[in-house]
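Take a look at the structure set out below.
Only this structure's heavy atoms are used, side chains among them; waters, hydrogens and symmetry mates stay out. First listed ligand is number 1; within each ligand, the first listed atom is number 1.
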Amino acid sequence: MHYIRLLRPAKILTSTGRLVISILFTITTDLGDSFLCPEDGSIDLIVAVEDPAAGPVRSGAAVLRGAKTCRYKWKTGMRVLDANFTLAPGLKKELVNCRFSIYPVQQRPRKPSAPLGALHVGDVLPWTVDMNPILRMGVIMPATFEFVDGVCATVSVRTLGLRMHHGAGERGESDESLNLQFEEDIGESIARHIWDAGVVTSAYLADASSSPESIREVLPIERDSFNVLELGSGVGILGITIATILPAAAVAQGRRLKNSRVLLTDLEEAEERARSNIAKAEATLATSHTEGANVTIEYENLDWDEGLEGRFGPLVSATPWDLIVLSDCTYNVDSLPALVGTLSALHTLKEHHRDQENKGPAKSSVLLATKPRHSSEEALFELLDDQSWTYRVVKEIPLPKIGEEDEVVQVYLLQKGALGT
Ligand SMILES: C[S@@+](CC[C@H](N)C(=O)[O-])C[C@H]1O[C@@H](n2cnc3c(N)ncnc32)[C@H](O)[C@@H]1O
């Protein structure tokens with residue numbers, strides 16, 4: 001999968017006496033280790049501008065001179081593209097309030113009502129990809145960003161379109177389109193970007209959430225509360241998607257949730273982005289049809305070097321977690337001992353909770369998603385064996401990549417402790 005990324009916040013520059021918006025962007029993999037290299041020479045892109053309040057900008061309040069959408073070609077061998085838009089004559093820089101979206105022409109949103117920069121998450125799943133020759137080549141993640149009073153935001157936004165099926169509830173069966181928005185930093189950062197395994201696993205869980213058989217294997221909800229802890233959450237794509245689909249996943253399993261929690265954790269550097277994405281999701285969910293379930297989404301810092309020693313913050317410590325989830329956190333072999341040690345310390349914490357409640361032995365379950373990048377990552381399995389974790393692949397999702405070999409996202413279920421508890 002490839003991502004459209006701004007190289008720096010867009011700028012308003014003066015060129016031959018006119019004000020021009022300069023948008024410098026690239027298209028790379030999640031790791032940024034290779035540029036998009038289309039097999040048949042080029043890919044057509046659209047850069048579109050809208051008034052955030054009123055949709056496509058209207059001539060009366062036009063920000064730009066000329067067209068509101070421009071086509072560009074990303075050609076094999078390119079590393080950067082500079083898109084330029086001339087401001088309407090006489091418009092002052094500080095009055096520029098608009099939103100830009102950059103997306104591949106052939107991947108434009110299928111529904112006119114969907115936001116321009118949205119990627120429908122079904123478009124990364126094999127059962128959709130196999131029927132569509134464009135998607136079979138590989139997906140490019142669009143990017144959206146805003147100017148407010150002439151200044152470009154330092155974050156860009158990824159919009160994931162989810163189609164939620166609500167089972168027989170108070171209002172009967174229904175389908176709903178939800179657009180979850182995730183801010184990520186413009187510029188280099190590991191914790192403040194989204195990654196392939198998070199996107200693909202979120203897509204898979206959203207798709208599976210209406211199927212009792214598929215969802216039971218990965219999110220087995222056996223009570224009227226279900227608490228999920230995410231490690232290395234980054235911008236929060238996986239945990240926030242899980243919080244969104246939990247009510248539907250519960251209904252598919254014949255349950256109605258009460259007071260469930262999803263807690264995102266990461267290093268301190270991830271906190272600001274994660275918290276603002278939680279706020280965005282809460283605003284989206286507040287207007288959606290979520291079967292009245294109360295799923296709280298929270299954030300707390302958790303460094304695995306501390307987790308390994310059993311040192312957890314108050315939110316992590318307070319709950320015997322039903323499920324731990326993580327995506328794209330196992331590519332750095334140096335951090336694997338601390339990560340696996342943290343998983344084991346969380347199991348010990350769960351044992352303490354069960355002892356205190358006289359509930360008998362504990363079983364811990366972990367959903368771990370990875371896009372294997374290097375054979376050295378297999379060190380994970382030795383560490384899991386050493387600490388008595390069992391593991392099996394529950395899903396393998398092929399991920400085509402334009403101009404390069406296909407990749408795969410693997411979703412593992414790890415377990416430790418007493419069976420049948
Ligand atoms: C490749 S990113 C994946 C982010 C996110 N899970 C996703 O799929 O988009 C790896 C994440 O692990 C986090 N991480 C790395 N070392 C960590 C540590 N020692 N303790 C906690 N988090 C860590 C990083 O901050 C980063 O957010």
- Note on the structure: Here the atoms of ligand 1 under 4.0 Å from any heavy atom belonging to Leu302 are 20 (N), 21 (C)
- Message: At under 4.0 Å between heavy atoms, is it the side chain or the backbone of Ser335 that contacts ligand 1, or both, or neither?
- Response: neither
- Trp304, any N or O under 3.5 Å of ligand 1 N or O: yes
- Message: Under 3.5 Å between any N/O of Tyr331 and any N/O of ligand 1: does that happen in this structure?
- Response: no
- Message: Side chains of Arg261 and Thr319: any donor to acceptor distance under 3.5 Å?
- Response: yes
- Message: So for ligand 1, is Asp303 a polar contact partner (N or O within less than 3.5 Å, distance only)?
- Response: yes
- Note on the structure: Test side chain to side chain contact (heavy atoms under 4.5 Å, CB included), reference Tyr3, set Val139, Val199, Ile140, output is Val199
- Under the side chain to side chain donor-acceptor pair (under 3.5 Å) rule, what do Arg5 and Thr28 come out as? Steps first, then yes or no, please. CA-CA 8 Å; Arg5 293 180 196 284; Thr28 67; 3.0 Å; yes
- Only one of His374, Arg373, Glu378 clears side-chain hydrogen bond (donor to acceptor under 3.5 Å, both in side chains) with Ser376; which? His374
- Query: Which of the listed options, Asp266, Thr201, Val199, Asp30, holds the heavy atom that is closest to atom 25 (O) of ligand 1?
  - Reply: Asp266
- Shortest heavy-atom approach to atom 12 (O) of ligand 1 - which of Cys329, Ala369, Gly236: Cys329
- Item | Leu238 to ligand 1, any heavy atom closer than 4.0 Å | no
- Message: I'd like the name of whichever of Ser327, Ala274, Gly234, Gly307 reaches closest to atom 7 (C) of ligand 1 through any heavy atom.
- Response: Ser327
- State whether the shortest distance between N or O atoms of Asp305 and N or O atoms of ligand 1 falls below 3.5 angstrom. no
- List every atom of ligand 1 that sits less than 4.0 Å from any heavy atom of Gly198, numbering the atoms from 1 in the order shown and giving each element. 8 (O)
- In terms of heavy-atom contacts, Tyr299 and Ile278 come closest through CB-CD1, 3.9 Å
- Item | Selected option - heavy-atom contact closest to atom 6 (N) of ligand 1, from Ser233, Ser202, Gly232 | Gly232
With a 3.5 Å cut-off and sequence neighbours excluded, list the donor-acceptor pairs that the side chains of residues 406-413 form with protein atoms.
{"unit_1": "Glu407", "atom_1": "OE1", "unit_2": "Lys371", "atom_2": "NZ", "d": "3.1"}
{"unit_1": "Glu407", "atom_1": "OE2", "unit_2": "Lys401", "atom_2": "NZ", "d": "3.3"}
{"unit_1": "Gln410", "atom_1": "OE1", "unit_2": "Tyr412", "atom_2": "OH", "d": "3.4"}
{"unit_1": "Gln410", "atom_1": "NE2", "unit_2": "Glu396", "atom_2": "OE2", "d": "2.7"}

- Check ring-ring contact (aromatic ring centres under 6.0 Å, His included) between Phe145 and all other residues, then give those that pass, not counting sequence neighbours. Phe100
- Task: Return the minimal non-hydrogen interatomic distance between Leu257 and Arg223, and the atom names on each side.
- Result: CD2-O, 4.1 Å
